[in-house]
Structures are given as C-alpha cells and as structure tokens.
Amino acid sequence: MQVSSVNDVKIYNLSYGKSLPEWLSDRKKRQLQKKDVEIQRRIELIQDFEMPTVCTSIKVSRDGQFILAAGTYKPRIRCYDTYQLSLKFERCLDSDVVAFDILSDDYSKLVFLHCDRYVEFHSQHGHYYKTRIPKFGRDFSYHYPSCDLYFVGASSEVFRLNLEQGRFLNSLQTDAVENNVCDINPIHHLFATGSSEGRVECWDPRVRNRVGKLDCALSSLAEGTEVQALPSISALKFNSSLTMAVGTSTGQVLLYDLRSSQPLLVKDHLYNLPINSLNFHNQLDLVVSSDSKIIKIWNKDTGKLFSSVQPQTNINSVCVYPNSAPRWCSFLDNLTEELEESPESTVYDDYKFVTRKDLENLGLSHLIGSSLLRAYMHGFFMDIRLYHKVKSMVNPFAYEEYRKDKIRQKIEEARTQRVQVKKLPKVNKELALKLMEEGDDEAEVVSRKKKGKALPSILGDDRFKVMFENPDYQVDEQSEEFRLLNPIVSKVGQKRKKKLRLIAQQAVPEDNDEEPEGRASSEEESSDDDKSWVEEVREQRRLLRQEDRDRRRQERKDKTSQPQFYQIKAGEEFRSFNDMARKQKLQKTSLEERLKLEEHSETSSMADTAVGSKQLTFTLKKSEQQKKQQQAEREHHEERKKLRRSAGHLSSSRGRGRGWGGRGRGRH
C-alpha cells in the first residue's frame, strides 16, 4: 500500500507494489510473500481483482453489490461480488470491448460494444444474442423510457436499436462527420453527442429533433493555451438536470449550464492528453476528471483543486462508487493507521513542466537555479501562472491567429458550395483537361439516373497530386511508348464516351425503342473500332521505323561530310603520320623479323589505329635470374644439337623397313 498526501488529502493506493503472476503455485506465492517486503505490504481487498494484461473499462451495478471490468488479453469480462470480496464469474469474448453498460440493477443484463461492430447481449446465465451495427461504434447510451440503445461512432448517423421490438429504428442524422461519445440526462432524458469537430449536439428522444448545438472547441481555448490541433470531444457526462461536463482531446474540461452557450468553468489538465473519464461526486460538490496520466478531483463551482492521483501506469477508465465510501471495505480504517509509514507529498499540480529548450524560447534561461524553477528529471517545474503570463508576452496574438484561421476555414468551406472555375495545373495540362471532361460526362450520367454515385476523380485524390505538380512526371508525347499506346488509350476513351452516351439515352424515357435505320449496331461499331486502332498502331510503328532510318542516314552523312578531330591527351605522342613509312616497311618484312624487332623494343609498344594511338601491348621485364636460366637453356640446346647423330643412313631406298635383307624374312 502507498500513502500520499495532496493538499492535506490522504490517498491510499491499495494495489501499489508488485503483483503475483497467475501461473505461480500457491506454495511459490507463499514463499515470495515471506521474502519480498513490497508483496507483504500489498493488500488484496478483492480476490483476483486484476486483469491478465490490461483493463479497458470498469463499472459498478446500481445496487452497489457487483463490480464489472472488461479487459484483455484474451478479451474477457469479470464480475466481482463485493459482499463476498471475491470473483463471481469470468466470461471470455470473441473480440475486444470498446464500451459496455449494465441495464439491470445487478449483473443479469449486460450489453457489450465490440471493436468489430458487433453488439453482444448477456443474461444471467451467459451469452444471449449478438447483432451488428452498420459502422464501427465508439460509445453508446441506453434510454430507459423507450428501451432504445443509441450508438455513435465513425459515422454522422446515430443508430437506434429498440430492445422491446428487437429491431433497428430510423437513425438520427447529425451535422458531424464522426461522433466520439454520447450520454443521456438521467432526469429529463436529453440525448447529447460529442463530435470530432469539437461540437456537442443535443436531441430530444421524444420527437427525434435536435434542440441545441454547442461549439466547445473555441470555448476550450483559454488565454495562454497552446493550440496544436482542433480540439475534439472525448468525454461527456450529465449531472442533475442542468449541468453538463465536456472533456476535449487537448486536456480541457468544460462545465456548462444547459441554459447558456458559454461554459461556466474551464479546467485544464495541463498535459495535452485527451480526457477519457468524467464523474461527479455530489456529496462534496466535486468533479473527478482523468486522462491517461492523472486523475484530478476539483470543485465544480470554483475549479480549485481538491486532490489528485497519479499512478505508475496509464489510466483507461475511472469509476466512482456511488454514495461515498462503500460499506464492504470499512475495515480498512483500522489498517491504514498501522500501514501508514512514510507518506509522499505531491505539490506539482499547479506547475507547468518545461524543458531547457522551452525556457530558451521563452527567454527564461536566466531563471535556472532560482526558486522560480524546480529541477525535475530532464526539465523544470514552474508556476503555471508565470508560464501563462510569459507566454502571452512572447506571443500575444496566438489566440487571434487561431481565431482567424478558424474563420478562414469556414469561409473556404462556404466557397466550395459556389460555382468553381476550373483551373488547369502547370504539369500535364492535357491529361488534367481529359480527366475533367470525363468527370463531367460521368456526373451528367449520374445526375440523369435516379440511383448512382460518381466515382472519385484522380484530380481530387491526394495520392496523385504530385503527378500534376512535379515536372518530373510530365508525359512525353514524342516518346516511342506514348505514340504506341496513344491509339489504344484514345480508342478506349472513345468507347467509354459512347457507353456514357448510351447510358444517358437509356436513362431518358423514349417512345421509340427500335434502332433507327442506317445506324450500325454496337457489335459492328466495336469491330470497326478494333480494326481502326490496330491500323493506327501499325502506322505509328511504320513512322517510328522510318524516323529511325532517317536519323541513322543523317548521322552517317554528317560523319563523312565533316572532318573528325581527336584530342591528344597530355603525355601521349601522336604517331599516326610520322610512323607511316615505318609501318609500311614492317608490313613487307617477314614475321620472324617483326618478332625480333618487338623483342628488342621497349617494355611497352603502341600500335597505330585509324583513330590514333589507342591500342597497347605489353611485355614484362625479366629478372636477372630468369635471364640466366634462359641463357643456360639455350646453351644446353646448342650442345645437344652438336651431339645429335643423324639417322638418315638407316632409311632403305627400296622402301623396306629395318631387318629386311636380300633374302626373305626368317630365311637362313
């Protein structure tokens, strides 16, 4: 257990310390508990009150007896009985849970929204039914008077599933592109959705009409707030009949009175992290807000900090037990006094963490080492009021610039609805004009049809915008590839235009459906088109071959008509004309004499060619030992020649071989 104190409020972390793995045996766990002090100090208030990897969301039943938690891995749901302080049951699921809710007072009716668009219903015995919504869901709320489930997600529609009739009802169409969260007021049942554009829309479920809209993005930007992106709504919670809390993706919490479009209070978490949970503690008039790093508890009227909790791991969900402290853990009052040893005080809540680079940008490097900066890890903590004051002095027009950009965006959105003049790009103008004409033809055909949707154009696709901006992508119409493919592409384009015209004619009702005389059928036209583009490709090939022959003929003509000059490199001797007489003499001599001349020449010799001295032949120098050895071999051969005797006297003039006499062979 860990004890900390923030603003004189003691916080007891019961799950602090090491946790024992599930695969350990009981004997091994007992041995570790005897040796490890941190495990000894860990209090296991509820048996197996944990998840194998991570817990994504947690809720308490309305009767306060059961705690349900969803987590992974593998995807599962666990139910804990607070009266027995133990795990009641565990159920594994097919996919991860995005959100879930408890429809009954106990655990007997559960609804799960999965990441694969499935909605799963569980009863007391287990799985009951599963269905699927059209778009990926992010949150849902249950309307008790009408038994309707409202699903929001990656769509502008709010899907309604009636549990009494067992079917989907007409959706609510919002002005947002995507909706992140939703909630229903517990008193007058007003339904509210938070969009990714930073707006909150409120609907009356009785008439299914929108009754109000709030722009929370601009309202969340207080003085000195750093603007990095457009804030979207990440959390939404009603309290009583008139109070609503809105959390943004940039770390601000806005409190609204439903009768006003301006927030009563804006609380900044100062971490620039999305707010993931909002809860109200009505007994002390407190708001409990959290992001993935910290839980802040503050007064809903003044915004003054009451306390904060900063665990070692990331925070995914926060659940406040209803009606103050639970009765089933009242015995902890006796244990806290015994286990409380060294409380840790946290005093960094109203401070801003800045790095050394941030101080240089703000011009506050001279404050390093003073009492205004408190060193921590790789940076410093400074008072948030001083930070906002210096920030406004350095860049006083940050909010005005953001406001102008927001107005400019709205003006551009309004301009897109007007008639736009077509502007051709600088690169590939012909291709862009062709695509524009094809897009106009498709749009005309789709407009004549009752049902249909035009395909997106390449000009409006960001993946191909470089092709109309970078000159390296310019189409070379004189290249061989383009000239050979252009007849095929042009014929395909003509066929496409004919097909569009036929579709347009079919869309318009005609009195006479017969084909007029003198007009060729579609099959005959297609065969003629095929023949025509084949002939065009052949013609282009013939022209290319003719151009190639003309180019070669011109090159040969230029070579013969113009004198050729060659550059003599430094250190190279030009011998083409001086050695012509010597070359002619060498050609008249025998091969033996030419070889002797080459042996007595230098180690390298140049042979003249028609373009100068470009061909080289080399003979390697021989060492003294090699020369002596060759000389000894030559002397040995000469000596052998002198000692050699001729065998010419052994030959017979009669042509007979050795051993044949005047008499026959073998005769005596």
Side-chain angles (χ1 to χ4, degrees), residues 15 19 21-23 46 48-61 66-80 87-103 107-142 149-155 157-159 161 163 168 178-183 193-196 232-237 247 249 273-279 290-293 295 311-319:
S15 60
S19 59
E22 292 184 350
W23 46 267
I46 301 177
D48 297 332
F49 197 65
E50 58 188 3
M51 280 288 172
T53 305
V54 64
C55 179
T56 57
S57 55
I58 185 170
K59 290 182 180 294
V60 179
S61 61
F66 302 100
I67 301 175
L68 288 99
T72 190
Y73 175 83
K74 299 177 181 179
R76 66 190 68 198
I77 182 73
R78 285 184 172 181
C79 179
Y80 300 92
L87 176 66
K88 187 172 184 63
F89 65 83
E90 178 184 22
R91 299 172 186 170
C92 290
L93 306 172
D94 295 335
S95 57
D96 291 334
V97 176
V98 177
F100 78 96
D101 198 2
I102 307 171
L103 303 185
Y107 67 91
S108 59
K109 294 180 182 179
L110 306 176
V111 183
F112 300 95
L113 175 61
H114 293 282
C115 61
D116 54 358
R117 297 196 285 125
Y118 273 105
V119 180
E120 188 173 355
F121 298 89
H122 281 216
S123 61
Q124 191 170 5
H125 63 83
H127 172 76
Y128 179 75
Y129 185 72
K130 180 187 287 189
T131 186
R132 207 171 189 183
I133 58 177
K135 300 291 184 178
F136 288 97
R138 297 176 181 174
D139 196 9
F140 71 93
S141 296
Y142 182 62
L149 279 173
Y150 290 82
F151 296 93
V152 298
S155 173
E157 298 182 52
V158 179
F159 304 106
L161 176 61
L163 301 186
F168 283 96
E178 294 179 347
N179 293 291
N180 297 330
V181 291
C182 64
D183 193 25
T193 63
S195 66
S196 58
S232 60
I233 307 302
S234 59
L236 188 64
K237 188 70 174 179
S249 59
L273 296 174
I275 304 298
N276 53 30
S277 293
L278 289 172
N279 293 278
S290 68
D291 54 31
S292 60
K293 192 176 183 63
I295 303 173
Q312 296 176 341
T313 57
N314 291 338
I315 302 170
N316 295 325
S317 178
V318 175
C319 179

* Heavy atoms, side chains only, cut-off 4.5 Å: are S232 and N180 in contact? -> yes
* To do: Taking N279 for its side chain and V318 for its backbone only, find out whether a donor-acceptor pair lies under 3.5 Å.
  => yes
* **Interatomic distance, Y107 atom OH to L68 atom CG [nearest 0.5 angstrom]** => 10.0 Å
* Measure the spacing between CZ of F89 and NE2 of H122 and express it to the nearest 0.5 Å. => 9.0 Å
* Asked: Under 4.5 Å between any side-chain heavy atoms of L103 and L110, yes or no?
  -> no
* Structure fact -> Taken to the nearest 0.5 Å, the spacing of D48 CG from L87 CG works out to 6.0 Å
* Any donor and acceptor pair, going by atom type alone, linking the side chain of S234 with main-chain N or O of I275 inside 3.5 Å? -> yes
* Is there a donor-acceptor pair closer than 3.5 Å between any side-chain N or O of R91 and the backbone N or O of C79? -> no
* Asked: Any side-chain heavy-atom pair from F159 and L161 closer than 4.5 angstrom?
  -> no
* Distance only, no hydrogens: is a donor on one side chain within 3.5 Å (strictly under) of an acceptor on the other, for S290 and N276? -> yes
* **Value rounded to 0.5 Å, distance of CG in N316 from CG in D291** => 11.5 Å
* Between R78 and E90, is there a donor-acceptor pair closer than 3.5 Å when you use the side chain of the first and the backbone of the second? -> no
* Asked: Are Y118 and R132 close enough that some pair of their side-chain heavy atoms sits under 4.5 Å apart?
  -> yes
* Is any side-chain heavy atom of I67 less than 4.5 Å from a side-chain heavy atom of I46? -> yes
* **Any donor-acceptor pair under 3.5 Å from D139 side chain to C182 backbone** => yes
* Should P75 and S95 count as side-chain neighbours, where that means a heavy-atom distance under 4.5 Å? -> no
Using distance only, find each side-chain donor-acceptor pair of residues 52-61 under 3.5 Å and give its atom names and separation, not counting sequence neighbours.
unit_1	atom_1	unit_2	atom_2	d
T53	OG1	Y73	N	3.3
T56	OG1	A70	O	3.0
S61	OG	D63	OD1	2.5
S61	OG	F66	N	3.2
S61	OG	F66	O	3.2

* To do: Quick one: pull up CG in L113 and CG in D96 and give me the separation to the nearest 0.5 Å.
  => 11.5 Å
* **Student check: side-chain heavy atoms of V111 and V119 closer than 4.5 Å** => yes
* Asked: Is a side-chain N or O of R138 found less than 3.5 angstrom from the main chain of V181, in a donor-acceptor match?
  -> no
* **Ion pair K130/D94, N-O distance below 4.0 Å** => yes
* State, with a plain yes or no, whether a side-chain heavy atom of E120 is found less than 4.5 Å away from one of L93. => yes
